[in-house]
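Structure first, commentary second.
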Amino acid sequence: MSQATSWSVPLVGPATPTVMAQRIDDSFDALLSGHSGSARPAYAVVGTIWQDTSVAGTVSHYFYDGSNDILLYSVDTSTNVFIPAPVARETYRGYIRGLELSNNVTDATNDIDITTGSTGSDGASSFLMTLASALTKRLDAAWAVGTNQGGLDTGSIANTTYHVWLIQRSDTGVIDALFSTSATAPTMPANYDRKRRIGSIPRESGALITIKQDGPLFRRATKVDRSSTSAAASALLALSVPTGINVYPLLNYDIATGTASTDAQLLIGGAWEGSATNTIDRVFTTSLANTASVTHGGIGPIFQTNTSAQIYFATTIASGSLSTNVLSTVGWIDNRGAV
C-alpha cells in the first residue's frame, strides 16, 4: 500500500520513457492501494478518499473536503471488524452500558480493570463510544495509550478520589481511559476530544479501595465513619464515598442505650442541596422505658451527599447514655450521568 511521490505524468518535457512509466506506475499503485499512508497525500484534492495507516492494527478511511479529513469508517485489521464513523445523536446522551470497574488482581493497589461496553460522550454533541476490548489502566503512572499502561492525567498519585473517564480521539476513533481528580474537566491527552465519566474510586491509606460494582451500585469494605457514645449536634459528617460528585450512600447503623428509660435518636439527612441549614430526611429512634435497647440496620439510597462526601448527622439522648453509636459506609449508588 502506498502513495505516489509525484502524482500523474509529466506535462512538460523532456521526460524519458522510463520516467513516464515510473510516474504512471506510482499513480496506479496509489489508486489500487487507496492512497494509503500515515498522513493525507500531498496531492489530495477535494473528493479524495484515502486510508490512514498511522495507528497499528487499524486502517481508517477519510474523505478530504479541501480543508478537513472526514472519517468515513475504520477497519480493525486484527479482528476484521468494520467500525462505522461515529454520528452525533441526542439518544446517546446519558446512555451507558457495561464499562464496569474492578480492582486488577495483579496490582489491586494501583490498577483498575474496565469491562467492555458503550456510552454516549458528554458535551454539546453526544457520540457513541464503544470499548470493544477490556482495558487495564495504572494509577501509579502517567497516562499512555493502551491497556496495562499509565492512566493518571496529571500530577502525582495521592489519597483522594479518582474519577475514571472513557476518552476517544474523534480523528482516529481510538478509545482509552483516564484517571483524574476532576469530576468535570480532566486533563485530556493530545488529540483526545471526547469523554464520559464512568465511575469514581477513593484511594485511602496508599491504595485504591476494593470495590464491587454492579451497574450504578458500588460496594466497598465497611468503613466506620463515626463511633461515639456522645450526643452530637446537627452538623455535616464526611462519609467514605467519592468526593466531587453527588452519590446516594449505603449505610449501616448501630445504636444501643446504656441504661433504661433512655430515649435516643439518630438523625440523618442529605446535604446535596448545599443548604447551610440542617436537612433531615430520616430519623431512627430507640426507646424503651424499662430496659436498655438496641437498634441496628441498613440505610438505603434515600438521600444524596454533597460533593465533599458529606451528609447531615445528629444524635440526641433524652436521658441516660448511649453504649453504642456507630455509623458505617458500605457503598454508594452512582448513576454515572445516566438519564
Between W332 and F218, how do the two ring planes meet: parallel, tilted or perpendicular, split at 30° and 60°?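 The arrangement is parallel - the two ring planes meet at less than 30°.
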same_hphob_cluster([X], [Y]) at 4.5 Å side-chain heavy-atom cutoff:
X: F313; Y: V326; answer: no
X: V75; Y: I70; answer: yes
X: I49; Y: L31; answer: no
X: W165; Y: V145; answer: yes
X: Y253; Y: L251; answer: yes

Nearest atoms (heavy-atom pairs only) where [X] meets [Y]:
X: Y43; Y: A30; result: OH-CB, 3.5 Å
X: L152; Y: I157; result: CD2-N, 3.9 Å
X: F303; Y: Y248; result: O-CD2, 3.3 Å
X: P242; Y: A309; result: O-CB, 3.8 Å
X: S328; Y: T222; result: CB-CG2, 3.6 Å
X: S118; Y: L128; result: CB-CD1, 3.9 Å

Any donor-acceptor N/O pair, [X] side chain to [Y] backbone, under 3.5 Å:
X: S126; Y: S121; result: yes
X: R93; Y: A124; result: yes
X: D214; Y: L217; result: no
X: Q213; Y: S102; result: no
X: T77; Y: G57; result: yes
X: E100; Y: G215; result: yes
X: Q310; Y: Y312; result: no
X: K137; Y: G146; result: yes

Do [Y] and [X] meet the salt-bridge criterion of a basic N to acidic O distance under 4.0 Å?
X: R138; Y: D140; value: yes
X: R220; Y: E204; value: yes
X: R40; Y: D69; value: yes
X: D193; Y: R169; value: no
X: K195; Y: D176; value: no

Hey, could you give me the [atom1]/[atom2] distance between [X] and [Y], rounded to the nearest 0.5 Å?
X: L135; Y: I114; atom1: CG; atom2: CD1; value: 5.0 Å
X: F63; Y: T48; atom1: CZ; atom2: OG1; value: 8.5 Å
X: Q3; Y: S36; atom1: CD; atom2: OG; value: 7.5 Å
X: D76; Y: F82; atom1: CG; atom2: CZ; value: 12.5 Å
X: I268; Y: L237; atom1: CD1; atom2: CG; value: 8.5 Å
X: M188; Y: R194; atom1: CE; atom2: CZ; value: 10.5 Å

Under a 4.5 Å cut-off applied to non-hydrogen side-chain atoms, are [X] and [Y] in contact?
X: V330; Y: R219; result: yes
X: Y64; Y: V46; result: no
X: T307; Y: T243; result: no
X: I245; Y: H163; result: yes
X: I333; Y: V247; result: no
X: L208; Y: N103; result: yes
X: T136; Y: T106; result: no
X: V241; Y: T305; result: yes

Evaluate the criterion side chain to side chain contact (heavy atoms under 4.5 Å, CB included) for residue pair R196 and I96; output intermediate values, then yes/no. CA-CA 9 Å; R196 166 70 177 273; I96 187 167; 3.8 Å; yes
Under the criterion side chain to side chain contact (heavy atoms under 4.5 Å, CB included), which of T130, T116, I198 is the partner of L99?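 So the option named by the test is I198.
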Result of checking I201, N104, D107 against I112 for side chain to side chain contact (heavy atoms under 4.5 Å, CB included):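 Result: among I201, N104, D107, I201 is the only option passing the side chain to side chain contact (heavy atoms under 4.5 Å, CB included) with I112.
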Modelled atom types, side-chain donor and acceptor of D52 and S60, under 3.5 Å: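 S60 and D52 do not have a side-chain donor-acceptor pair below 3.5 Å.
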Before you tell me yes or no, could you show the steps for N252 and I299 under side chain to side chain contact (heavy atoms under 4.5 Å, CB included), namely the whole-Å CA-CA distance, both residues' side-chain angles and the distance that decides it to 0.1 Å? CA-CA 6 Å; N252 282 341; I299 305 172; over 6 Å; no
CA sep, side-chain torsions, deciding dist, call: L101, I211, side chain to side chain contact (heavy atoms under 4.5 Å, CB included): CA-CA 8 Å; L101 314 179; I211 59 168; 4.0 Å; yes
Between V59 and H61, does a side chain to side chain contact (heavy atoms under 4.5 Å, CB included) hold up when you go through it step by step? CA-CA 7 Å; V59 176; H61 295 246; 3.8 Å; yes
Apply side-chain hydrogen bond (donor to acceptor under 3.5 Å, both in side chains) to T187 and T154, showing your working. CA-CA 7 Å; T187 300; T154 187; 5.0 Å; no
Taking the ring centre of each residue, are W143 and Y192 less than 6.0 Å apart?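 W143 vs Y192: aromatic centres under 6.0 Å.
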